[in-house]
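Note that these values count all heavy atoms, side chains included, but never hydrogens, waters or copies made by symmetry.
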Amino acid sequence: MTPSPRSNPLSGLAVLGLLGLALVLAPALAQVKAEDDKAKAEQDKPVRITEEIQVVGKAPKDVPLATVTTVVAADIGKLKPRDLSDVVKYVPGALVTFGDKDTYSLKLRGIGSNRIALLVDGVPVYEPYFSTFDLKTVSAGGIDTLQVTKGPSSVLYGPNTLGGLVNVITRRPSDRPYLSLTGSTGDKATFGAGADGSCSWRRFSLAASALYQSSDGFAFPDPASGDRTSRANGDFERLNLSGKLYYTPSDRTEIMVSAATYRSAYGMPPALSVQRARYWRFPKWDRSSLSAGGFTSLGGDAVLRFRGFYVNYYNKLDWFNDPAMTVINSVSVYDNSSYGGFALAETPVGGRNTLKASLLYQRDIVRQQDNVGLPWEHYNQGTVSAGVEDELRLSGMWKVIGGLSLDYIDKFRGGENNTSVNPLIGVKLTPSEALDFHVSFARKSRFPSMRALYSSSSGNPDLLAESGTSLEFAATWSGPVYLTGTVFLNRFRDFIDTVVLPGGIRQYLNIGRAHIHGFEVQAQKKLGWLEATVNYTFLDPRNDTDDRPLDAQSKSNLNFDVSVLPAKGLRAGVYGLMGSRSWWWNTRTSPASLLTIPAYFNLDGIVSFELRDRYQVFVKLGNVFDRYFYTEPGFPWRGRYFEVGLRLDLLK
């Protein structure tokens, strides 16, 4: 072994189709019991809404045991993002990589997308066969709040949160009618147009959004020739439609029905080096979802949350043999879906305890055809999770939180069904309204993907669940400068990977042990004319089984945004990303070798001007210095690009 370093083209007419319907919602503010008679003024508890599984407050006393980063609509809007990848990459501890299958993948504290749960309004939307997600398939339009949870998260979230959890909460109806139109254009025929609005009538309310985007691709600075080179097969067309309807029979009950659809067609740029070049196009990559649920009072401060959901993924892949894409090899179809539901109850017990319990069920179904004329393959499996969590308030400053979940997978065929028991324990100290400390420990697990279990070429139905332990120490200070810092120690075992067996056959096996230790720090400051945020993360990501670094994970990551507001309505900001060098285990050589991914720096600049609080224009220059960089070998990021846009708030 090589010694490793240590250290269906879519119709544009749908753009104007603003989904509508919905119900008015008067969220009930939960009452917070005063625990410290000497405290000045008790802050209001966060509004309880259907879209949140666990209420996350902004005040230090409301911060949960895990590290939760909340990004609100105003901070999302100033980034002028295309999709979720443009937002989450500025979260502490997050790294977005771009690579194979034109996928924008997420790592949280070094742990990849296939070990992270992605929720939209509380509903899981990660693809069931591969058990992963692509950030670009979640539009940034209409997002109200982004919650990113890392570390020892609540047992109420259920299984498969080994690496963390991302919950995208879309905009809810406002008290007054609201309608906003957006449009943008840029180089390579990049275009976007959208509408976002809400209305209310008595106890009903509606929130809906529509967004259409298209592009001929992007260019990158070719280091070999020094010229800007257009990336082959990089075009795309996307349409996002969503709507949420609310009914509020009382100020302690809310019912919500939501529907959303994502329609896309795009090409997959082939790898330029290291990895195998694939000449693929997706004439269809679609996702549709429907959910219904809400919350209701059980008397006093007790509350019950409930939801049922259905999500379908329909993908069609055209596989070509040649770079010109004239000779087709196969046409694959994936028609996969997930359905299920969950219920979560919360009730005070005595004067010092709050007891929470959850029950979740999900059934995943896969139907796939490798080529026209071949038989369809069918798989399905179910997961069940039951959790209980108790919060004991020892005094006005001290809390102890403990929980336990039992997770179970009902396999489609072969192998033993797996059961995983995951505990959580932690202590919180809040000496003042501005200061909070916590220490927490949890065991987490992640069930194997259906591909790893049932693939006809490499599946292994005897796979066990991956598991890991997470220990973190954190502090938050909401003073003149907002500061938060976390030290974390993560260990994992039974990691699943493919192994080449005698005879050249690949099979998934539980072989891996790894650790990821590190710390992260965030500092924020807002003045009348200046806003600044700096995030730094240090990681020690190590594959202990093979004694090498984990793939594509920089040890040091820094991101920042600095905005100046020199005049009313005028904002000028710069947004930077920096990563130290990382490594890639190249299995395409014999023997396998360790490659170095160079360090990188990227800077975007955005200037916007808002007039009368209703009209806004912006200019964005991405990759200002036109740097060539990549986070996965063979897949360079977008070079310098230019974009202008407009937002009109017709009703507000």
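Rounded to the nearest 0.5 Å, atoms CG (L84) and NZ (K89) are 11.5 Å apart. For the atom pair CD of Q522 and OG1 of T484, the computed distance is 6.5 Å after rounding to the nearest 0.5 Å.
The two residues S153 and L424 come nearest to each other via the heavy atoms O-CD2, 4.1 Å. S563 and G573 make their closest contact through OG-CA, 3.8 Å (heavy atoms, listed as atom of the first residue, atom of the second, distance). Closest approach of S337 to N312, counting heavy atoms only: CB-ND2, 3.9 Å. The two residues S445 and D407 come nearest to each other via the heavy atoms OG-OD2, 3.9 Å. Nearest heavy-atom pair across A140 and P81 is CB-CG, 3.5 Å.
Contact annotation: the side chain of L304 never approaches that of L344 to less than 4.5 Å [non-hydrogen atoms, C-beta and beyond]. Under the 4.5 Å side-chain criterion, counting only non-hydrogen atoms from C-beta, K444 is not in contact with P152. In this structure the side chain of Y90 never reaches within 4.5 angstrom of the side chain of D75, judged on heavy atoms. Residues T430 and L435 have side chains not in contact (no heavy-atom distance under 4.5 Å, counting atoms from C-beta outward). Using a 4.5 Å heavy-atom cutoff, the side chains of Y536 and S556 are in contact. Residues V168 and I143 meet the side-chain proximity criterion, which asks for heavy atoms closer than 4.5 Å.
In this structure, R287 is positioned above the aromatic face of Y262, its NZ or CZ under 6.0 Å from the six-membered ring centre and within 45° of the axis. Seen from the ring of F618, R571 does not count as a face-on cation partner, given the 6.0 Å and 45° thresholds. The side-chain tip of K80 does not point at the ring of Y575 from less than 6.0 angstrom away and within 45° of straight on.
A salt bridge is defined here as a Lys NZ or Arg NE, NH1 or NH2 lying under 4.0 Å from an Asp or Glu carboxylate O, and E520 with R109 meets this definition. Using a cut-off of 4.0 Å between Lys/Arg side-chain N and Asp/Glu carboxylate O, E472 and K150 are scored as not salt-bridged. The residues D286 and R263 are annotated as salt-bridged, a charged nitrogen and a carboxylate oxygen being separated by less than 4.0 angstrom. Here D561 pairs with K78 in a salt bridge; the nearest charged N to carboxylate O distance falls below 4.0 Å.
Under 3.5 Å, the side chains of D540 and H515 contain a donor-acceptor pair of N or O atoms. When only modelled atom types and interatomic distance are considered, D364 and S338 share a side-chain donor-acceptor pair under 3.5 Å. A side-chain N or O of E389 and one of S154 form a donor-acceptor pair less than 3.5 Å apart.
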Exercise for the section: Start with the C-alpha gap between T67 and T149, add the side-chain angles, then the distance that decides, and say whether side-chain contact (heavy atoms from CB on, under 4.5 Å) holds. Expected result: CA-CA 6 Å; T67 300; T149 302; over 6 Å; no

Exercise for the section: Kindly determine whether K356 and D390 satisfy salt bridge (Lys or Arg N to Asp or Glu O under 4.0 Å), including the steps that lead there. Expected result: CA-CA 6 Å; K356 303 175 183 179; D390 183 61; over 6 Å; no

Practice task
Could you please spell out the steps behind the ring pair (Phe, Tyr, Trp, His ring centres under 6.0 Å) verdict for W477 and F437?
Solution key: CA-CA 9 Å; W477 181 55; F437 301 93; over 10 Å; no

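Ring geometry for F342 versus F309: interplanar angle of 30 to 60°, hence tilted.
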